[in-house]
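Read through the structure below, which is laid out as structure tokens, and then see the notes.
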Amino acid sequence: MASSFKTMTRRDLLRSSLALAGCALIPGVALGKDGATAANERVTMALIGCGSQGRGDMWNFLTFNDFQVIAACDVVRDHFLEAKRMIDGRYGNNDCFTTYDYRDIANRDDIDTVLIGTPDHWHENISIYCMKHGKDVYCEKPETLTIMAGKRMRAAVSRYNRVFSGGSQRVWQDYNPYHKLVRGGVLGEVKEAWANVGGPSSDFDLPAMETPEGVDWDRWCGPTEWHAFHPNLINGGFRPYRDYSGGGTTDWGCHAFGGCMFALGLQDTGPVEIIPPGPDHPNLTLVFENGARIYHGGGWDGVINFRGTEGDVSEKDIRDGKYQIPNIYIPHYHGGAGSIYRDFANCVRTREKPFRSIERAHRTATVAHLANIAHWLKRTIHWDPVKEEIIGDPEASLWMDRAKRAPYNI
Amino acid sequence: MKAIYTFILLAALAPLAVLAQSAPAPTVADLEAQMTDTDVHVAQAARMKLERIPGAEAEAALIRALDKTTGNELAGVVASLGNRGVSSVTAKIIPLTKNSDSAIAISAVLALGNLGAVDALDTLQGDLNDKVLRPHVLEAVAMIGEKSVQSGKLDAARKAYGMLIADKNDEAYWIGVRGFLRFDSGKVLGDLEKLVAGEDETAARRVISLIYDVNDSAFLVKMADLCASLPAERQVYMLEMFYINPNTVVLPGVKKTLESATEPAVVIAGVTALGKIGNTEDWPTILKMLDTDNADVQRAAEAALASLNVADLQQILLNTVANNNASVELRASAIRLLTLRVKDNVAPLFETLEKLYKSDAVDSLRLAALDGMTIIAAHLENPGATYKRMIVEAKDVDTQKRILSSMSKNWATFEGIDLAFEIMRSMDEIRPNAGLAVVHIANHLRTSDLDRAAEILETVVSEVKHADVEKRGRAVLAEINKFQGFIQKWAFNGPYQREGMDGPALHDTPFGPEKADGTIDMSLVMWRPLNRGSKEWLWDLESGIQRLDNGTAYVRTYAIAPADMEVLLYGGVDDGMKIWVNGEQVGNVYTNAPPSAGQCKVPAKLHAGLNEIMVKVSDSGGEWMFGLRVCTPKLESIDGLKFQREK
């Protein structure tokens, strides 16, 4: 026990000295007199996956005085060079370390956290590898490519006691008024919600093209089956393909399903039945044990909708002020007036669970994955949300995991 | 038995066939042969497919591959055997942890973890000193412990977790602690009790964070019992963890903490936890927390009380409101709670509040009663008469304004607008406020009747002639104008779907209306009026044409322009649209997202007279919608521009 704490790391020292900096009782971060945090007290971060989404996320952390981004990693040279330009520009130096290989980041002791903005098929491996090497993780959504990946990531967060935040900023920021309306009882009893997002991914079908210089293509393919290079894939166009993504269902789905589940208080469970579209169900329907239903599409305005016994709500209703939003307290958000980026940043210091904890991120992604499986197989899937198993359907169960290509299986 | 196996094998291969499109599913023998292909991509793909095929045949092929592969292919085979839980190969995998190829060595370590290989613990202990292997060895030992607990081999689990606790490293220690809490918490409880109350903040928080997913009752009870004696920051953290992982065994500890709490943050976290874990009989504890002037605490207590589902909550709250001995804060909070979900017995509720409002209670309580009345009035049989009476009887202008403002939020109906107009025209002192109420309600109602809302706004702006009313009214009118002018007269052709083609592919494939180059007889391209599916600015083609996923269709209209002009085609689509003006393609967007106005902004030229506008609208699944407006480049309406469905 205490006598065994002989190897205090840089991060442990940071946590000890600044553990209270972001907690609920202290309104502001303990800053120096000019508002800046001393360099050796800043939490250090590396960006892994420097495409537009990763860089966009990173910009938030660049604005935090108590954080410092010190490294950028991508399999595309132009991507990490663009990130380096932003990082060095922010700090007025030329210090940002760059690499093609995320293990160069994970193995450095002076990096406390990683921001993962890679395509979905890399999220699990990089997250677990970095957690195993002592890093806290902010990972873009969809956090997982398969249901089993989520279970493994959750086990790793628990095993290593890491701070992990999923990357759906909308669940908190955009959909907050819905949570307050639904949880505050303004709509009466709410048992129906709509997640109006795109559909599933499908087979890979891009033609082979020559790999340009400055791209580590084998590493881009990583744990998935190898396909020849195509420029769409390194420029955000990977989502239509099952090898790399669950398509719109998991992309915006992680926002929308996450928002619906949180408002309905279902964020820590899952559906019991997933019914694909059919003559009686024009939209895929997720049925929960308490009778609540979330529909994939079919809503009437905006990304999510809710219907209760005393009213329904859409994005337009929120915009138009149709309802007075009740000022109720929603626990487990530590970002103050900021965002889930600030939430993660504060939790890194206090060791609290971020709003988009791995449990919630995984539960949300699971719903999206189950929806895809039902779409692909065109039949109803029965799910045990406690055991997290598909019931009585060996073929469907096979979709819960994928084999990985070596050496990227590690 | 064979039939069952064949079924499972076919089921397993089916997704592979889907992945491989139309190619026949490979056999296990094919895949085994491919595993040693000189093309490493073929070899790895074959092994990856085999891993996912259940049954003895695939398993045997993978075992044989242990002796036939090298390098990354061997690392992959080792991983596959570990993932499948083929424990018979443990003895073969153990030596591979010493392999000079780190990919193979790490794969072997992790495979032993996946296999729950207790026999490998001694070997793994030796590997803990290898810097590269160490993080993976810790993971493997933890997995061996987890799997041993799951299978009831508790001595094996003790060995694994004991090895971690004994390791002189912080990280290993905590992995071991977490492991023991799953089946033998007594081993670590004493240590954790000291750490959670100790001076080391990091260690204390690490203990508390265990509550998140540890369900050992002895541990939870011990933590809850200690909670009241901890520093406030740790109390908040612990109470939030109790909320996240609710377990009734912590209830006594939570209540004890609440009873002694003075910090608002502790009370908020405590009542929130109690609201989730507590029973209906816990309402007095929470009600007591309403007795404060801290608004955040009140809100948290109100939400917690509401979530307890106390059957006679309304009566309890009414009694509280009527209780002259209760504090002002408590009574005001009870009023807010009563108005949060107005359902039954509204008339007596209104009467109680009116009585309180007219009493000689302190002003803050009387105002709380008034605010409650303005909310409840909307639910009475005749809201208009009630609001009017309240305004007329109000003792001063400020009170009248307060009632008007609340009415516009809580009774946003056309009847409310009529009453606001009546007040605006008869009560000069609150004329601007009545005008603002009209604006507020009209803004709210524009979703149901855009034209009527616009008409009302024009009237109130011109009648009141007050700067605030004018400013807000014009702002809402500008918003309405954004959605006015969307084309309402369309004909359609289609839909088109093709086997194996998704939305984007169909979007880029020309069908009848796009083939006006003489290759087909255009008289065969049939156009039908689009009569259904209009939703404000959008057209829902699933309603207007056909419910489908992955399809496309064309819509067409004719614009009659008063002169030659440059215009902006402004719209939104779910999921993609191509636009032609007079036969020339001018725009193409594929959003693959819900529709929003402004997704499409395409400049175009119209000439005086008749102009054909054709739009191809494609769908990738989910909704199939579009909306299009022709306006000036500054988003203004164009005078004299008209549309017709037919030429």
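A quick note: this is a predicted structure, and the numbers were derived from the prediction, not measured. Reminder, nothing fancy here: chain letters follow the sequence lines and each chain counts from 1.
Contact check on B:E171 versus A:R162 returns a salt bridge, with a Lys/Arg side-chain nitrogen under 4.0 Å from an Asp/Glu carboxylate oxygen. Under 4.0 Å is where a charged nitrogen must lie from a carboxylate oxygen, and between A:K353 and B:E240 no such pair does. For the pair A:R159 and B:E146, the salt-bridge criterion is met [side-chain N within less than 4.0 Å of a carboxylate O].
Between the side chain of B:R52 and the backbone N or O of A:L398, at least one donor-acceptor pair lies under 3.5 Å.
For A:D401, the parts sitting under 4.5 Å from any heavy atom of chain B are the backbone and the side chain alike. For a residue to count as touching a neighbouring chain, one of its non-hydrogen atoms must lie under 4.5 Å from one of that chain's; by this rule B:D213 touches chain A with the side chain only. Both the backbone and the side chain of A:E225 have a heavy atom closer than 4.5 Å to some heavy atom of chain B. Residue A:L284: no heavy atom, backbone or side chain, is found under 4.5 Å from chain B. Of the atoms belonging to B:R47, it is side-chain heavy atoms, and not backbone ones, that fall under 4.5 Å from chain A. Neither the backbone nor the side chain of B:A412 has a heavy atom closer than 4.5 Å to any heavy atom of chain A. Contacts between A:T224 and chain B at a heavy-atom distance below 4.5 Å involve the backbone alone (N, CA, C, O). Heavy atoms closer than 4.5 Å to chain A are found nowhere in B:D574, neither backbone nor side chain. At a 4.5 Å heavy-atom cutoff, A:E315 makes no contact with chain B through either its backbone or its side chain. Heavy atoms closer than 4.5 Å to chain B are found in the side chain of A:Y129, but not in its backbone. Neither the backbone nor the side chain of A:T249 comes within contact range of chain B; no heavy atoms are under 4.5 Å apart. Only the backbone of A:R402 comes within contact range of chain B, with at least one heavy atom under 4.5 Å from a heavy atom of that chain. Interface residue B:I175: backbone and side-chain heavy atoms are both found under 4.5 Å from chain A.
Contact count against chain A (heavy-atom pairs under 4.5 Å) is highest for B:S209 among B:G176, B:A79, B:S209. Counting heavy-atom pairs under 4.5 Å between each of B:P135, B:A103, B:A45, B:G76 and chain A puts B:P135 at the top.
Atom CZ of residue A:R360 and atom CD1 of residue B:I244 lie 6.0 Å apart, to the nearest 0.5 angstrom. Distance check: A:N196 CG to B:M625 CE gives 8.0 Å after rounding to the nearest 0.5 Å.
In this pair, B:H41 and A:W226 present their aromatic rings parallel. The plane angle is below 30°, not in the 30 to 60° band.
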ask   = Can you list the steps and then say if B:T202 with A:R351 is a side chain to side chain donor-acceptor pair (under 3.5 Å)?
value = CA-CA 8 Å; B:T202 304; A:R351 312 314 294 165; over 6 Å; no
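In this structure, the ring of A:Y323 has its center no less than 6.0 angstrom from the ring center of B:H444.
For A:R379, the CZ atom is densely surrounded, since the number of other residues' heavy atoms within 6.0 Å is greater than 12.
A side-chain N or O of B:S107 and one of A:N409 form a donor-acceptor pair less than 3.5 Å apart. If you check the side chains of B:Y212 and A:S357, you find a donor sitting under 3.5 Å from an acceptor.
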